[in-house]
Amino acid sequence: LGQDLQRRGTYSPPQLGFGWSWDDLAFGFAAPVGPLQYQENVVVIQITPNRTVNALAELTIQTTGSGLKLVNQVTTASGTDPSLIQLRRVANTQNLVVSGSISLGSSAVVRSVSVADPTRFFVQAFHAALEANGVVVLGDAVDIDQLSETHRHSATNELYALLTIQSEPLSTIAIDMMKRSQNLFAESIYRRLGFSFNDNSAAIVSHVLADWGIQRSRAIIVDGSGLSRYNYLTASALTDILVRLYQNEVDQTRFLPTLPIANEDGTLRNRFRGTATAGNAHAKTGSMSHVRALAGYVPTADDEQLAFSILANNFSADPTDVVTAIDAFVSALATMSRGDS
């Protein structure tokens, strides 16, 4: 049954999105999701070269309670060899394998990595914060899933709230999420959507898109972040979504400010410099191995707003060349005029 549900896109394992690539799981951009989250479920590791060639480098985690067990396979290379660091962590394991080499005498290499258990990471940090502020805490901080059913029932019986804190509104969170392309936020909102409506998140998204005239043959969504290779979208579907959001005044007011601005902020801050698109185009980037995408809005020379979507898949060219071609196309749109012959 589990495999059948996975094929249908209606089931995903706890914490991870359905269809996430296993070799992404070590990195901060693929941080696992949980109801309790701290520091965006990411910690920083530092790799420092040894003083002797061929000796193991030194690995340190800058935050305690990550649940990660570092497996050091990084050697110190000669000062003339480039540093090459690789990360690997298998799902549902705590071992983070750090391999490769680092140049003798070079500066430490810093990498953002995902924690092993978001809930445990949060409660251990909370435990430490309480004690640091003079609050006596009896027992260790544990993930409730680690308790037996009997102890779990005892721990959750007759609970009452001490404090309630409301987050910032979704309109504010969405700006940070889109500008930084923060996958954890996107995945969390996606999961919350299903919880709020007591339905499968993918089904809810499909229903909304169908109401907008976008059928499943043009858009299959299985996670919130886009990390899954089982998401399938046509460029026309993305363009239709953009047009729909722009034509609705309320949606436009809320959605447009979330998009990165060309050559100004977010993931577009270093693109379109010195072009007519700079400061004018509002668009969301998307990238994976052999995938580059850009979709959004750009005004023409006549100040006519255009919606566009560009998807480049399965290419073997240098990704920089692909991005250059995408940017050239959008810049051409910005200089278009109906008066041109």
Side-chain angles (χ1 to χ4, degrees), residues 13 15-33 39-118 120-121 180-184 186-187 223 225-231 267 270 285-293 312-323:
Q15 302 180 350
L16 303 177
F18 172 66
W20 283 10
S21 179
W22 67 267
D23 46 2
D24 283 343
L25 302 182
F27 298 95
F29 64 78
V33 181
Q39 288 187 177
E40 300 183 358
N41 295 344
V42 167
V43 294
V44 172
I45 66 169
Q46 181 172 295
I47 306 101
T48 306
N50 200 297
R51 295 182 179 180
T52 306
V53 173
N54 295 327
L56 286 177
E58 179 184 351
L59 301 186
T60 56
I61 300 180
Q62 296 183 1
T63 306
T64 60
S66 66
L68 295 172
K69 295 180 180 179
L70 297 182
V71 179
N72 188 357
Q73 296 179 358
V74 181
T75 58
T76 303
S78 68
T80 58
D81 293 334
S83 298
L84 177 62
I85 304 298
Q86 297 174 320
L87 306 174
R88 179 169 57 85
R89 183 167 68 83
V90 178
N92 301 321
T93 65
Q94 296 179 335
N95 291 342
L96 175 65
V97 179
V98 187
S99 60
S101 61
I102 184 169
S103 299
L104 180 70
S106 66
S107 300
V109 174
V110 175
R111 292 285 185 270
S112 295
V113 299
S114 61
V115 301
D117 183 340
R120 188 175 181 182
F121 184 48
R180 290 197 292 139
S181 200
Q182 222 302 352
N183 292 324
L184 178 68
E187 197 67 31
D223 75 348
S225 63
L227 282 173
S228 174
R229 295 279 182 171
Y230 295 123
N231 291 304
T267 54
N270 295 321
T285 56
S287 63
M288 303 173 74
S289 297
H290 307 290
V291 176
R292 293 295 184 273
N313 294 313
N314 302 320
F315 55 79
S316 58
D318 187 325
T320 303
D321 294 336
V322 176
V323 171

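In this chain, residues are counted from 1 in sequence order. All of these numbers come straight from a predicted model, not from anything done at the bench.
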For the residue pair [X] and [Y], what are the closest heavy atoms and their distance?
X      : Y      : result
Ser289 : Arg229 : O-NH2, 3.2 Å
Pro49  : Gly105 : CG-N, 4.2 Å
Ser103 : Ser83  : N-OG, 3.0 Å
Asn72  : Ala57  : ND2-O, 2.6 Å
Gln46  : Ala108 : CG-CB, 3.6 Å
Ala26  : Leu96  : CB-CD1, 3.7 Å

May I ask you to test the [X]-[Y] pair for a side-chain heavy-atom distance under 4.5 Å?
X      : Y      : result
Val98  : Ile85  : yes
Phe29  : Asp24  : yes
Val291 : Asn313 : yes
Ser78  : Leu104 : no
Val33  : Leu184 : yes
Pro319 : Arg292 : yes
Phe27  : Arg89  : no

Taking the side chain from [X] and the backbone from [Y], do they hold a donor-acceptor pair closer than 3.5 Å?
X      : Y      : value
Asn41  : Val115 : no
Glu187 : Ser225 : yes
Thr76  : Ala55  : yes
Asn50  : Leu56  : yes

Practice problem: State whether a side-chain donor-acceptor pair under 3.5 Å links Thr93 with Asn95. | Solution: no
To the nearest 0.5 Å, how far apart are [atom1] in [X] and [atom2] in [Y]?
X      : Y     : atom1 : atom2 : answer
Ile47  : Ser99 : CD1   : OG    : 10.0 Å
Ser101 : Asn54 : OG    : CG    : 10.0 Å
Ile102 : Thr48 : CD1   : OG1   : 6.5 Å

Partner of Ile61 under side chain to side chain contact (heavy atoms under 4.5 Å, CB included), picked from Ile45, Val113, Val44, is Ile45
Asn231 meets the side chain to side chain donor-acceptor pair (under 3.5 Å) criterion, sequence neighbours left out, with Asp223
For Phe315, the ring-ring contact (aromatic ring centres under 6.0 Å, His included) test, sequence neighbours excluded, returns none
Applying side-chain contact (heavy atoms from CB on, under 4.5 Å) to Gln39 and not counting sequence neighbours gives Thr63, Phe121
